[in-house]
**Q** 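If you scroll down you'll find the structure; I have some questions about it.
In each ligand, atom 1 is the first atom listed, and ligand 1 is the first ligand listed.
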Amino acid sequence: VRSVKRLTLLLSAVLLGGPPAAAQPLPPTSALAAEAARTLNDPIFPGLGQLGLDVRHYDVALTVAEPGTPGLSGSVTLTLTATRPLAEVRLDFFGPTVTAVRWNGQAVPFRVDGAAQKLIVMPPTPLLPGQEARLSAEYQGTPGVILDPDLDLPVPLGWQSVPGEGPRAGANFTLSEPNGTHTFLPSNDHPSDKATFTTRVTVPQGYAAAASGLEGPVVGGNGPQTFVFTQAQPIPTYALAVHVNRFERVTAPSVPVGVNGSPVVRRDYFPVGTPQGVRTVYARTDEMLRVLSEWFGPYPFGAYGVAVVTPRLPALETATLSTMPPTASERTAVHELAHQWFGNAVTPAGWADVWLSEGFATYAELLWTESQGGDGQAVAARWHDTLARGGTRPLVAVQAGQLFDRSAYQRGALALHALRAATGDVAFRAFLHAYTARFSGSTLTTADFLTFARARTGPAGEAALRPWAESPGLPPLPPSSSSR
Ligand code: MET
């Protein structure tokens with residue numbers, strides 16, 4: 001989430017058992033620029049994605065035979081369409097050895113370009129706009145490790161393995177934002193190409209799997225069991241959760257805050273032996289769902305809860321099932337829940353716009369503080385102080401090291417505080433509801449956001465946002481809106 005940065009790099013490498021022996025050190029993201037001509041040309045990650053490719057659905061099957069070790073075998077079927085003719089499909093992949101690829105059921109040639117992190121598939125005839133195809137890939141072995149020197153994060157991204165120790169069972173899980181999903185899944189690994197997922201995870205007896213979406217019946221008896229999950233609303237690839245552990249699955253009554261008051265299924269996954277103090281952080285999730293849905297509009301998915309992990313990593317808002325370290329606070333719990341609206345349902349079109357996720361999730365911390373009788377303006381003033389002392393930048397990021405910095409988080413949040421101060425609480429709430437209704441299930445840029453704000457809140461709303469979006473300096477602290 002924040003605070004834990006480079007210092008914990010070594011620590012996490014130790015906790016995670018270090019990168020698997022087979023892993024190659026990665027070139028910096030910038031070295032992948034040559035790939036950019038055929039990619040989505042994201043200014044921060046020029047190598048990611050394929051121009052013209054639209055993945056609609058991933059049907060993923062993963063088998064984890066020895067939890068806590070990095071190895072896995074996988075098979076995925078992608079439902080594809082294209083917006084321009086594609087003579088080859090270039091999926092992001094830095095994963096295990098690919099053993100077979102099929103196109104609409106028929107074996108087709110493929111190659112893996114490790115330097116570009118691509119699985120390149122040659123269909124029998126080009127995929128044309130308006131056509132749909134099914135691409136299946138099978139793979140087995142050790143996922144890659146993405147420890148990007150350009151990205152200021154304390155953790156290798158993607159498929160995580162935590163060896164068992166003493167009473168603690170071995171575990172695996174995904175921690176992929178921004179670009180780790182393609183360590184274990186061939187994918188169009190960019191937030192602009194959201195998709196739905198079916199995730200089937202096969203684990204040894206005694207283990208449980210959890211993943212994004214609603215859980216179906218468990219398949220298998222004595223011996224390995226397969227857990228199946230359906231994520232029916234599109235999400236960005238980095239938000240896919242997969243967890244394997246000896247879990248206690250704790251359910252609670254559903255909360256009627258979904259679209260048209262539909263019930264949101266509540267379940268949390270705690271590793272067996274999780275101390276009560278760690279579980280207590282999530283005791284008020286139902287109230288958080290109510291408070292945030294009043295501000296933001298209906299909760300966008302069918303379920304919510306957390307999966308707790310044992311390493312002290314950053315928390316991540318994996319869809320319907322946030323991934324939480326044992327050290328997470330209630331503030332972090334609110335932050336990750338808010339990302340279900342902002343990040344997972346309403347998604348930045350590229351990594352430069354990540355403040356549209358982090359700024360909104362940070363602002364939710366202030367809204368929660370106020371709902372509990374606390375002083376929101378004092379929270380805003382602390383953020384402003386932090387930026388005044390530590391420096392700041394315009395909201396659109398220009399390099400990887402800025403993605404999770406205080407400007408993405410606190411400056412992004414203060415931009416929303418400024419909009420609220422300019423419009424008043426009633427109009428601000430109406431704006432947030434309209435915003436999630438308009439962009440849920442899709443993506444937008446910062447420019448789209450400013451255009452939408454102007455359309456909904458008028459020139460005054462846009463004028464309040466502009467300096468936060470664009471000024472190189474720090475605009476003044478917005479006043480409390482409760483005075484209006
Ligand atoms: N999006 C995360 C957050 O909640 C940060 C992820 S860092 C891998 O702040």
**Q** Indicate yes or no: does Asp268 engage Arg266 in a salt bridge with an N to O separation below 4.0 Å.
**A**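 Yes.
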**Q** Using a strict 4.0 Å threshold on nitrogen-to-oxygen distance, state whether Arg284 and Glu287 make a salt bridge.
**A**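 The answer is yes: the pair qualifies as a salt bridge.
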**Q** Could you list which atoms of ligand 1 come closer than 4.0 Å to a heavy atom of His339?
**A**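 Those of ligand 1 that fall under 4.0 Å from His339 are 1 (N), 3 (C), 4 (O).
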**Q** Please work out, at 4.0 Å between heavy atoms, whether the side chain, the backbone, both, or neither of Val155 comes within that distance of ligand 1.
**A**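 No part of Val155 is near ligand 1 at this cut-off.
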**Q** Any atoms of ligand 1 less than 4.0 Å from a non-hydrogen atom of Glu317? List them with their elements.
**A**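 Near Glu317, the atoms of ligand 1 are 1 (N), 2 (C), 3 (C), 4 (O).
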**Q** Among Thr198, Thr199, Val76, Leu78, which residue meets the side chain to side chain contact (heavy atoms under 4.5 Å, CB included) test with Asp59?
**A**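 Result: among Thr198, Thr199, Val76, Leu78, Thr198 is the only option passing the side chain to side chain contact (heavy atoms under 4.5 Å, CB included) with Asp59.
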**Q** Quick one: do Leu72 and Phe184 satisfy side-chain contact (heavy atoms from CB on, under 4.5 Å)? Show the steps, please.
**A** CA-CA 8 Å; Leu72 58 79; Phe184 65 92; 4.2 Å; yes
**Q** At a 4.0 Å threshold, what atoms of ligand 1 neighbour a non-hydrogen atom of Glu336?
**A**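 Per the distance check, 3 (C), 4 (O).
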**Q** Apply ring-ring contact (aromatic ring centres under 6.0 Å, His included) to the pair Trp351 and Tyr238, showing each step before the final yes or no.
**A** CA-CA 12 Å; Trp351 286 109; Tyr238 69 82; 5.1 Å; yes
**Q** Applying the ring pair (Phe, Tyr, Trp, His ring centres under 6.0 Å) criterion to His243, which one of Phe270, Phe173, Tyr207 satisfies it?
**A**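 The passing option is Phe173.
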**Q** In terms of atom number and element, which parts of ligand 1 are under 4.0 angstrom from non-hydrogen atoms of Tyr409?
**A**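 Reading through ligand 1 atom by atom, the close ones are 2 (C), 3 (C), 5 (C), 9 (O).
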**Q** Heavy-atom pairs closer than 4.0 Å: do any link ligand 1 to the side chain of Ala361, the backbone, both, or neither?
**A**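 Near ligand 1, Ala361 shows nothing, with every heavy atom at 4.0 Å or more.
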**Q** Which part of Leu153 is near ligand 1, with near meaning a heavy atom under 4.0 Å away: side chain, backbone, both or neither?
**A**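 Side chain only; the backbone of Leu153 stays clear of ligand 1.
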